[in-house]
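To start, the structure under review is shown below, and the notes come after it.
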Number of protein chains: 2
Amino acid sequence: MSSTPEPTPARLRAIPSRLLAGAAIVADRLVGERLAAEGAHKWHFAVLVALAEAGAASQAELSRRTGIYRSDMVAVLNELADGGCIRREPDPADRRRNVITLNPTGRRRLERLDALIADAQRELLAPLTPGQQDSLVRLLTVLTEHHRPPHPRPHDAR
Amino acid sequence: MSSTPEPTPARLRAIPSRLLAGAAIVADRLVGERLAAEGAHKWHFAVLVALAEAGAASQAELSRRTGIYRSDMVAVLNELADGGCIRREPDPADRRRNVITLNPTGRRRLERLDALIADAQRELLAPLTPGQQDSLVRLLTVLTEHHRPPHPRPHDAR
DNA sequence: TACCTTCGTTAGTGTCACGAACGTTTGGGC
DNA sequence: GCCCAAACGTTCGTGACACTAACGAAGGTA
């Protein structure tokens with residue numbers, strides 16, 4: 001007489017922080033799998049978008065735009081540079097900085113990754129109606145906008 | 001002429017998987033901070049709830065109820081046992097298993113942690129109206145229920 | 001000049017989800 | 001009764017990620 005396997009208690013299933021964690025894991029796996037198939041990374045996409053949308057920038061600037069820590073940014077830019085997606089050259093106007101520039105190869109790379117990411121989002125949101133998808137995005141936006149260091153932090157960028 | 005710091009591009013901000021990741025981080029920090037102040041852990045709470053709601057169980061059963069991998073469950077139960085929250089004894093009916101039983105100390109501990117978790121959820125959801133909060137929970141539930149191993153897996157529990 | 005900040009970079013920490021492999025025990029098929 | 005596949009508890013390890021500390025170099029400012 002083996003006991004029937006109890007499902008996750010409702011009290012546990014209803015906890016928002018747990019739901020968010022679970023959903024984030026699913027989402028990350030979906031995105032990660034697709035990008036990995038192309039030898040790409042979540043972060044590469046973020047940096048390429050930041051460059052395409054707001055133009056060339058220093059590494060610290062890219063850090064702020066993408067939320068990637070500037071210590072992790074180094075490796076990301078190394079990889080993007082190795083792939084010929086970006087140019088990285090010292091800023092003549094401020095010799096502390098590097099100017100990161102998106103080049104044509106990077107632009108093509110972005111197009112490709114964009115399609116993969118879009119696919120992943122589609123699969124992720126598949127169980128929701130378009131209206132529900134918008135709703136979810138709006139709610140999550142409100143939530144994340146609200147919880148964040150009020151002022152961009154005394155000093156030191158991420 | 002220092003360039004004005006560009007914000008995160010809208011194209012990045014609108015990506016659901018990124019929003020979910022961000023929200024999950026915020027949520028986890030909120031919960032983690034509160035529980036840490038009490039020397040507790042996310043997982044302790046999950047296990048205590050699983051025991052309170054569905055009764056005594058083996059470690060593998062608790063694994064399935066909570067989603068915690070059975071390899072990680074060992075340490076969690078060690079800590080709960082050290083704190084006198086549970087009893088862990090070999091199952092006479094099946095000597096492969098341990099029977100984990102919630103005791104009065106554990107029940108009190110659960111009450112305390114439950115309050116902390118509830119606080120954290122309140123703060124997390126503060127920027128949303130009650131209706132929006134329900135909405136979010138419902139959407140996330142649909143999403144996570146949809147994306148999950150259809151059949152409980154051939155063998156080997158998490 | 002002196003001081004504080006920013007920048008790129010290296011290195012390291014802690015947490016978490018997840019998997020491999022083990023010895024033990026059990027149950028089902030033959 | 002014997003065999004084999006599976007489940008159990010446990011140990012150890014991995015890879016990803018968020019995050020911090022510190023350093024040398026350079027700039028801004030008083």
Side-chain angles (χ1 to χ4, degrees), chain A residues 1-3 5 17-18 20-29 31-33 35-36 40-44 46 57-64 66-78 81 88-100 148-149 152-158, chain B residues 1-3 5 17-18 20-29 31-33 35-36 41-43 46 57-64 66-78 81 88-100 148-149 152-158:
Chain A
M1 97 184 198
S2 65
S3 52
S17 60
R18 272 183 67 99
L20 280 172
I25 288 177
V26 168
D28 241 56
R29 179 149 40 218
V31 170
E33 280 169 1
L35 291 184
H41 205 261
K42 216 172 131 189
W43 295 337
H44 298 162
S58 71
Q59 303 187 186
E61 241 297 293
L62 288 176
S63 233
R64 292 179 217 109
T66 59
I68 302 170
Y69 275 69
R70 72 191 210 280
S71 44
D72 297 324
M73 183 63 70
V74 180
V76 176
L77 294 180
N78 284 343
R88 184 208 243 143
E89 45 193 2
D91 186 343
D94 184 343
R95 305 215 312 281
R96 290 171 303 179
R97 309 186 189 189
N98 290 335
V99 179
I100 311 299
R148 81 151 98 171
R153 209 88 64 91
H155 68 94
D156 219 2
R158 25 178 82 170
Chain B
M1 99 179 198
S2 66
S3 53
S17 60
R18 271 183 67 99
L20 280 172
I25 288 178
V26 168
D28 241 58
R29 178 150 42 217
V31 169
E33 279 169 3
L35 291 185
H41 204 263
K42 214 171 128 188
W43 296 335
S58 70
Q59 302 188 188
E61 241 296 291
L62 287 177
S63 232
R64 291 178 218 109
T66 59
I68 302 168
Y69 274 67
R70 71 192 210 279
S71 44
D72 298 324
M73 183 63 70
V74 180
V76 176
L77 293 179
N78 284 342
R88 184 210 242 143
E89 46 192 3
D91 185 344
D94 183 343
R95 303 214 313 280
R96 289 171 302 180
R97 309 184 189 192
N98 291 335
V99 179
I100 311 299
R148 81 151 99 174
R153 208 88 64 91
H155 67 94
D156 220 2
R158 28 178 81 172

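The basis for the numbers below is simple: all heavy atoms, side chains too, and nothing from hydrogens, waters or symmetry mates. Below, chains carry the letters A, B, ... as their sequence lines are ordered, and counting in each starts from 1.
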Carboxylate-amine/guanidinium proximity below 4.0 Å for Arg96(A) and Asp91(A): no
Length of the line joining Asp94(B):CG and dG28(C):P, which is rounded to integer Å: 12 Å
5'-most by nearest nucleotide on DNA chain C - Asp91(B) or Asn98(A): Asn98(A)
Nearest-0.5 Å distance that lies between atom CG in Asn98(A) and atom CE in Met73(A): 12.0 Å
Atom-pair distance (CG on Asp28(B); P on dC17(D)), nearest Å: 16 Å
Any donor-acceptor N/O pair, Ser63(B) side chain to Ile68(B) backbone, under 3.5 Å: yes
Phosphate contact (dG15(D) OP1 or OP2) by Arg29(A) side-chain N/O below 4.0 Å: no
Nearest-Å distance for atom pair CD1/P, residues Ile68(B) and dG19(C): 16 Å
Closest non-hydrogen atom pair, Pro92(A) against Arg95(A): O-CG, 4.2 Å
Value in whole Å for how far the P atom of dC17(D) lies from CG of Leu20(B): 15 Å
DNA chain D: 5'-proximal contact among Arg96(A) and Lys42(A) (nearest heavy atom): Lys42(A)
Sub-4.5 Å side-chain heavy-atom contact between Val74(B) and Gln59(B): yes
Distance-only donor-acceptor test, Asp72(A) side-chain atoms vs dC19(D) base atoms, 3.5 Å: yes
d(CG, Leu77(A); P, dT9(C)) in whole Å: 8 Å
Integer-rounded Å distance: dT6(C) P and Leu62(A) CG: 18 Å
Whole angstrom value for the distance that separates C1' of dC8(D) from CZ of Arg88(B): 13 Å
Short side-chain N/O contact to dT10(D) OP1/OP2 from Asn78(B), under 4.0 Å: no
Side-chain N,O (Arg95(B)) to OP1/OP2 (dT24(C)) below 4.0 Å: no
Minimum-distance nucleotide (side-chain atoms of Ser71(B) versus dT10(D), dG19(C), dC19(D)): dG19(C)
Minimal non-hydrogen separation, Thr66(A) against Ala46(A), with atom names: CG2-O, 3.6 Å
Minimum-distance nucleotide to Arg97(A) side chain [options: dA11(C), dG8(C), dG9(D)]: dG8(C)
Under-4.0 Å side-chain N/O to phosphate OP1/OP2 contact, His41(B) with dT15(C): no
Phosphate OP1/OP2 of dC19(D): any Tyr69(A) side-chain N/O under 4.0 Å: yes
Residue Val74(B), side-chain atoms from C-beta onward, closest of dC18(C), dC7(C), dT10(D): dT10(D)
Separation of dG8(C) P from Gln59(A) CD (nearest whole Å): 5 Å
Whichever of Ala93(B) and Ile25(A) has its nearest DNA chain C nucleotide further upstream toward 5': Ile25(A)
Residue-phosphate contact under 4.0 Å: Arg70(B) side-chain N/O, dA21(C) OP1/OP2: no
